[in-house]
Amino acid sequence: MLDPLLKMENPALSDSAFDLDTVERLLTTTRAVRRRLDYERPVEREVILDCIRISQQAPTGTNAQHWRWLVIDDPDKKAALGEIYARGIPLLDEMSKSAKDAQTATVYNHARDFAARLGDVPIHVIPCLEGRLDEDAQQVHITTYYGSVYQAVWSFQLALRSRGLGSVFTTMHLAFEEESRQILDLPENVVQTALLPVAYTLGMDFKPTDRPPPESITHFNEWGA
Ligand SMILES: Cc1cc2nc3c(=O)[nH]c(=O)nc-3n(C[C@H](O)[C@H](O)[C@H](O)COP(=O)(O)O)c2cc1C
């Protein structure tokens with residue numbers, strides 16, 4: 001919850017047209033949900049479309065909105081993606097053993113356990129881009145390309161959370177991009193940018209996590225200052 005003193009001292013906060021406590025709660029508690037997904041409760045296609053509707057307002061380079069959403073609720077296709085995804089289990093196990101701190105080790109342990117269950121999550125949502133980057137694409141093109149979908153993805157995840165659903169942003173299946181492309185019968189020029197397993201969450205009481213304070217990662221005017 002926002003510090004009431006901060007609200008009084010900062011006109012931008014006291015004049016806001018938004019319910020800032022709710023907005024802050026949404027932004028700080030939308031977590032990677034793996035262990036509290038409801039595998040039994042079906043997810044309606046309408047709710048997915050509603051969240052996509054909201055994400056359509058995200059910014060895009062050249063106002064293009066080249067993103068497309070592939071929503072998978074076919075059990076066979078999900079199982080096939082789950083099989084590919086589970087190949088990452090030994091790697092996640094290794095990463096957990098050599099993690100730099102306990103929090104990160106826990107994340108890898110949860111990610112490893114979840115990898116065995118991905119195929120059972122009610123819905124897989126795959127944000128895609130039409131058109132591939134050239135092999136010699138410059139930094140500006142790479143940034144614009146991925147920047148033109150990931151902002152919509154995060155809006156989509158926030159919209160899910162606001163409606164009692166959860167997801168995890170995952171990329172591990174892309175280690176087998178070609179195989180997954182064939183499972184999904186995707187045209188060659190369609191690029192998968194993530195795989196979001198989506199389900200209703202068991203409870204909604206997620207909490208902010210420990211992150212470095214803004215002062216420790218922000219520079220004003222001069223790098224290092
Ligand atoms: C680019 C990116 C790739 C990720 N890939 C995976 C993945 O393949 N599997 C997974 O379980 N989580 C994946 N995550 C989720 C992160 O593990 C998670 O966001 C992180 O541990 C922090 O947890 P939090 O989102 O709850 O704060 C990915 C996140 C990002 C941003």
Side-chain angles (χ1 to χ4, degrees), residues 24-37 39 51 55 58 67 70 72 78 80-129 133 139 142-162 164-177 179-181 183-184 191-214 216-217:
E24 178 157 335
R25 190 159 69 86
L26 179 67
L27 290 173
T28 60
T29 66
T30 302
R31 302 255 68 83
V33 187
R34 301 183 187 89
R35 294 189 306 158
R36 290 176 54 190
L37 297 173
Y39 286 83
C51 295
S55 73
W67 57 60
L70 182 62
I72 307 292
K78 285 192 294 149
L81 290 174
E83 187 274 312
I84 284 182
Y85 194 86
R87 293 179 201 164
I89 291 176
L91 177 65
L92 290 167
D93 213 24
E94 273 309 303
M95 288 164 84
S96 133
K97 284 177 189 142
S98 55
K100 61 179 169 41
D101 54 54
Q103 189 197 45
T104 311
T106 304
V107 167
Y108 287 135
N109 281 334
H110 292 172
R112 178 201 57 210
D113 296 346
F114 176 67
R117 298 219 58 192
L118 180 102
D120 303 327
V121 180
I123 301 255
H124 292 176
V125 174
I126 302 178
C128 299
L129 284 171
L133 278 171
Q139 189 59 44
I142 299 168
T143 306
T144 308
Y145 185 78
Y146 288 107
S148 289
V149 63
Y150 287 148
Q151 310 205 42
V153 171
W154 183 234
S155 292
F156 174 75
Q157 291 184 274
L158 291 169
L160 288 174
R161 161 84 171 126
S162 70
L165 296 97
S167 63
V168 202
F169 185 99
T170 80
T171 49
M172 210 162 65
H173 83 293
L174 294 175
F176 307 96
E177 194 216 346
E179 239 178 292
S180 60
R181 190 174 74 74
I183 291 168
L184 298 167
V191 176
Q192 306 172 63
T193 63
L195 191 168
L196 309 173
V198 174
Y200 281 96
T201 56
L202 301 166
M204 287 197 68
D205 56 330
F206 296 92
K207 298 197 167 48
T209 190
D210 276 346
R211 291 282 159 85
S216 71
I217 55 163

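What's counted below: heavy atoms across the whole structure, side chains too, no hydrogens, waters or symmetry copies. Read the numbers this way: they start at 1 and go in the same order the structure lists the ligands and their atoms. The structure displayed is predicted, hence computed values, not measured ones.
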Would a 4.5 Å heavy-atom cut-off, applied to side chains only, mark Ile89 and Met172 as touching? no
Tell me if a side-chain donor or acceptor on Lys78 pairs with a main-chain N or O of Pro122 at a distance below 3.5 Å. yes
Quick check with a 6.0 Å cut-off and a 45 degree axis cone: is Arg117 positioned over the face of Tyr39's six-membered ring? yes
Quick one: nearest non-hydrogen protein atom to atom 22 (C) of ligand 1, plus distance? Arg211 NH2, 3.6 Å
Protein contact to atom 25 (O) of ligand 1 [nearest heavy atom, distance to 0.1 Å]: Ala32 N, 3.4 Å
By number and element, which atoms of ligand 1 are closer than 4.0 Å to a non-hydrogen atom of Met172? 8 (O)
Tell me, please: is Phe114 in heavy-atom contact with ligand 1, that is, under 4.0 Å? no
Does ligand 1 come near enough to Thr170 that some N or O of the ligand is less than 3.5 Å from an N or O of the residue? no
Got a donor-acceptor contact below 3.5 angstrom from the Arg36 side chain to the Leu202 backbone? yes
Given Tyr146, Trp154, Tyr150, Phe169, identify the one with the heavy atom nearest to atom 2 (C) of ligand 1. Phe169
Looking only at heavy atoms, is any part of Val107 under 4.0 Å from ligand 1, and if so is it the side chain, the backbone, or both, or is it neither? side chain
Can you find a pair of side-chain heavy atoms, one from Arg161 and one from Thr29, that are under 4.5 Å apart? yes
Counting heavy atoms under 4.0 Å, the part of Gln103 that contacts ligand 1 is neither
Looking at ligand 1, is there an atom of it that comes within less than 4.0 Å of some heavy atom belonging to Arg34? yes
Is any side-chain heavy atom of Tyr145 less than 4.5 Å from a side-chain heavy atom of Val191? yes
When you compare ligand 1 with Tyr85, is there at least one nitrogen or oxygen pair between them that comes in under 3.5 angstrom? yes
Backbone or side-chain N or O of Ala111 under 3.5 Å from ligand 1 N or O: no
Atom 5 (N) of ligand 1: which protein heavy atom is closest, and how many Å away? Thr171 OG1, 3.2 Å
Using a distance threshold of 4.0 Å (strictly less than), state whether atom 20 (C) of ligand 1 has a protein heavy-atom neighbour. no
